[in-house]
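Remarks on the structure that follows.
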Amino acid sequence: SQQGEEDPQALSIQEGENATMNCSYKTSINNLQWYRQNSGRGLVHLILIRSNEREKHSGRLRVTLDTSKKSSSLLITASRAADTASYFCATGAIQGAQKLVFGQGTRLTINP
Amino acid sequence: EPEVTQTPSHQVTQMGQEVILRCVPISNHLYFYWYRQILGQKVEFLVSFYNNEISEKSEIFDDQFSVERPDGSNFTLKIRSTKLEDSAMYFCASFRLAGGGSPGELFFGEGSRLTVL
């Protein structure tokens with residue numbers, strides 16, 4: 001399975017601190033994406049990083065990708081209470097499958 | 001901003017009944033998906049649909065499930081005879097054709113919560 005697995009499963013930090021979530025996957029990928037899900041809502045795309053990229057930034061988000069270790073990390077800097085949500089990594093395969101495979105997710109809680 | 005819309009937002013049904021979940025993907029998108037999420041668990045791929053046919057399906061997507069794009073705008077998921085374990089949030093997603101054969105950003109609807117009693 002190319003399924004991503006997030007670590008930790010749950011993370012609770014104080015507002016203003018940085019939050020780091022990790023994702024590992026098993027097979028070769030074309031890209032890796034991070035999505036956010038507020039409780040009971042749909043998934044919202046945050047950022048996509050391609051297999052030939054090592055780091056990408058978008059606002060307070062920083063994503064890294066290490067294809068040799070088959071891992072990625074999502075860093076949210078200067079966290080806000082509104083960042084409280086579940087965060088999922090999703091991988092797109094190199095060939096064939098026209099789908100994303102999602103990991104288990106990290107439940108992030110930002111305490112005011 | 002264009003969005004994926006899903007109806008109903010919540011459906012309660014009796015075990016053994018047929019259910020149809022509806023989705024209107026973003027109009028210029030070409031790939032369509034159904035995912036499901038059992039409460040508190042991971043998001044699981046069910047099926048992808050392209051060019052009016054299923055391009056891939058998971059083990060979950062057995063003979064009780066079917067998808068259809070009946071009129072060029074709606075994309076439906078039918079469960080013929082629901083089971084208790086079908087209770088979940090069902091998400092529709094779509095995306096524009098991306099280069100390299102791998103999906104780029106998926107746009108998700110808000111989901112349809114199915115409760116089977």
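Per chain, numbering begins at 1; letters A, B, ... match sequence-line order. Remember, predicted model here, so these are calculated numbers, not experimental data.
Heavy-atom distances place no part of B/F107 under 4.5 Å from chain A, backbone and side chain included.
Here the side chains of B/F45 and A/F102 are not in contact, with every heavy-atom distance at 4.5 Å or above.
In the hydrophobic clustering of ILVMFWY residues, with side-chain heavy atoms under 4.5 Å counting as a link, B/W34 and B/Y31 come out apart. Under the 4.5 Å side-chain heavy-atom criterion for grouping Ile, Leu, Val, Met, Phe, Trp and Tyr, B/Y35 is not connected to B/I60 through any hydrophobic cluster. Connection of B/F65 to B/I54 is established within a shared hydrophobic cluster, with ILVMFWY side chains joined at heavy-atom distances below 4.5 Å, either directly or through further cluster members. Placement of B/F32 and B/F108 in two distinct hydrophobic clusters is found when ILVMFWY residues are connected by side-chain heavy-atom separations under 4.5 Å, directly or transitively. Residues B/F61 and B/Y33 fall into different hydrophobic clusters, defined by Ile, Leu, Val, Met, Phe, Trp and Tyr side chains chained together at heavy-atom separations under 4.5 Å.
For the atom pair NZ (A/K99) and CG (B/L106), the distance works out to 12.5 Å, reported to the nearest 0.5 Å. Between A/N31 atom CG and B/E105 atom CD the span is 11.0 Å, to the nearest 0.5 Å. The CD atom of A/Q104 lies 5.5 Å from the NZ atom of B/K42; values are rounded to the nearest 0.5 Å.
Shown here for B/E110 and A/R41, the closest heavy-atom pair between the two residues is OE1-NE, 2.7 Å.
Heavy-atom contacts from other residues, nucleotides or ligands closer than 6.0 Å to CG of B/D63 number 12 or fewer.
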**OP:** List the steps, then state whether side-chain hydrogen bond (donor to acceptor under 3.5 Å, both in side chains) holds for A/Q37 with B/Q37.
**Re:** CA-CA 12 Å; A/Q37 184 183 36; B/Q37 184 180 34; 2.8 Å; yes

